[in-house]
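Just the heavy atoms: all of them, side chains too, but no hydrogens, waters or symmetry mates, feed the values below.
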Amino acid sequence: MAGEPATSTPRASGAAPAIEVHDLVVRYGALTAVDGLSFNADHGEVLSLLGPNGAGKTSTVESLEGYRKVAAGSVRVLGADPATDMRRLAPDIGVMLQQGGVYPSMTPAEALRLFASYYSSPNEPTALLERMGLGAASGTPWKRLSGGEQRLLSLALAVVGRPKVAFLDEPTAGVDPDARTEVRALVRELASSGTCVLLASHDLEEVEAVADRVLIIDRGRKVAEGAPGQISDAPEEIRFTTSPGIDKPALALAFGGTVAESTPGRYRLTGEVTPARVADLATWLAERDVLVLELRAGGESLRETFARLVNRRQT
């Protein structure tokens with residue numbers, strides 16, 4: 001990050017998690033938005049909450065931010081109850097709102113200087129604006145900023161105080177590709193400095209790029225949890241695209257596993273994925289004068305896992 005390194009440190013052995021959620025229940029009248037959800041997040045970790053609209057992500061995050069009443073269970077941030085200890089927590093947390101939070105006539109420079117004044121050792125506002133690509137827009141009123149620029153300013157406001165826990169909601173929504181790359185680098189730097197980052201995003205590519213761990217929730221309950229590349233329980237497979245009509249029984253006999261053609265010309269060969277097996281498959285196809293247009297080895301992508309798990313629960 002801009003300025004001096006953050007003062008927070010990664011979680012020591014035996015230390016309490018930065019975020020603790022135990023059997024959380026959030027209700028809106030007769031509607032149960034969060035239904036017995038439990039998870040932890042460590043210092044120096046980026047945890048991403050994933051789920052379809054209405055899954056309970058916002059209710060969970062708002063409970064941790066102290067904005068939402070908990071019907072049952074408990075939430076702790078840095079060991080404190082955010083609903084009752086926010087005065088103590090406020091200097092150590094950063095919150096990126098879904099929208100708004102800035103007076104329409106206030107400029108980015110004014111807003112960031114104001115927020116920086118709330119903290120004892122903030123990041124330098126001008127340098128942070130430049131880091132976010134907002135230097136040229138530093139004197140532009142909030143209401144005249146583009147949607148992407150507003151998101152970048154909201155992120156800067158959330159991290160200017162060097163938080164120990166940062167709640168980031170869709171930080172790259174509407175942001176151009178160059179700025180998106182910078183935001184991802186900033187998120188990883190936050191974690192490297194010891195900050196716990198709770199990231200809510202619908203951008204699964206972004207989640208794969210920055211998250212240490214993913215928590216998928218649906219209908220207020222945990223569906224799956226793990227590292228982005230390890231969360232799937234689907235078998236490993238080699239996928240390749242070529243002209244349709246290859247001899248699937250012969251391929252299955254030669255390599256074991258099963259062969260499926262999901263759409264004409266798109267094949268999946270299940271079984272252990274090793275460099276030798278991938279090379280042997282390429283050789284087998286080449287010997288039969290089959291041109292491979294695309295080849296990918298491994299398990300499901302996060303997008304595929306997410307779609308499969310959520311769709312399975314909704315059927």
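With sequence neighbours left out, Arg188 forms a side chain to side chain contact (heavy atoms under 4.5 Å, CB included) with Val46, Ala191, Val210, Asp212. For Glu182, the side-chain hydrogen bond (donor to acceptor under 3.5 Å, both in side chains) test picks out Arg131, with sequence neighbours left out. Annotation: side-chain hydrogen bond (donor to acceptor under 3.5 Å, both in side chains) contacts of Ser74 (sequence neighbours excluded): none. Evaluation of the side-chain hydrogen bond (donor to acceptor under 3.5 Å, both in side chains) rule for Glu149 yields Ser146 as partners, not counting sequence neighbours. Residues forming a side-chain hydrogen bond (donor to acceptor under 3.5 Å, both in side chains) with Thr126 (at least two apart in sequence, or on another chain): none.
By the 4.5 Å side-chain criterion applied to Ile, Leu, Val, Met, Phe, Trp and Tyr, Val25 is assigned to no cluster and stands alone. Other members of a hydrophobic cluster containing Leu253 are absent, since no ILVMFWY side chain comes under 4.5 Å of it, directly or through relayed contacts.
The distance from atom CD1 of Ile217 to atom OG1 of Thr60, rounded to the nearest 0.5 Å, is 4.5 Å. Considering CZ of Arg277 and CD1 of Ile238, their distance stands at 5.0 Å, rounded to 0.5 Å. Here the OG1-CG distance, from Thr195 to Leu168, works out to 9.5 Å after rounding to the nearest 0.5 Å. A distance of 8.5 Å separates OG1 of Thr84 from CG of Leu89, quoted to the nearest 0.5 Å. Taking CG of Asp81 as the reference point, atom CZ of Arg76 lies at 4.5 Å (rounded to 0.5 Å). Taking CG of Leu302 as the start and CD1 of Ile216 as the end, the distance is 6.0 Å to the nearest 0.5 Å.
Other residues, nucleotides and ligands contribute over 12 non-hydrogen atoms within 6.0 Å of the OH atom of Tyr28. By the 6.0 Å contact criterion, CZ on Arg288 is enclosed, its count of non-hydrogen atoms from other residues, nucleotides or ligands being greater than 12.
Among residue pairs with one or both ends in residues 44-60, those qualifying as salt bridge (charged side-chain N to carboxylate O under 4.0 Å, His left out) are Glu45-Arg213; sequence neighbours excluded. Residue pairs meeting the salt bridge (charged side-chain N to carboxylate O under 4.0 Å, His left out) criterion with at least one member in residues 59-71, sequence neighbours excluded, are Glu62-Arg68. Within the structure, side-chain hydrogen bond (donor to acceptor under 3.5 Å, both in side chains) pairs that include any residue of residues 30-40 comprise Asp23-Ser38, Asp35-Arg221 (at least two apart or interchain).
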Atom pairs and distances, side-chain donor-acceptor, residues 107-117, under 3.5 Å, sequence neighbours left out:
unit_1	atom_1	unit_2	atom_2	d
Thr107	OG1	Glu110	N	3.2
Thr107	OG1	Glu110	OE1	3.3
Thr107	OG1	Ser138	O	3.4
Glu110	OE1	Thr107	N	3.0
Ser117	OG	Leu114	O	2.5

Sequence neighbours left out, cut at 3.5 Å: what donor-acceptor pairs do the side chains of residues 47-54 make with other protein atoms?
unit_1	atom_1	unit_2	atom_2	d
Ser48	OG	Leu199	O	3.3
Asn53	OD1	His202	NE2	3.4

Exercise. I would like to know whether Thr242 and Leu285 meet side-chain contact (heavy atoms from CB on, under 4.5 Å); could you show each step before the answer?
Key: CA-CA 10 Å; Thr242 184; Leu285 294 168; 5.6 Å; no
Practice problem: For Arg296 and Glu294, run salt bridge (Lys or Arg N to Asp or Glu O under 4.0 Å): C-alpha distance rounded to whole Å, both residues' side-chain angles, the deciding distance at 0.1 Å, then the answer. | Solution: CA-CA 7 Å; Arg296 182 179 133 198; Glu294 181 184 16; over 6 Å; no
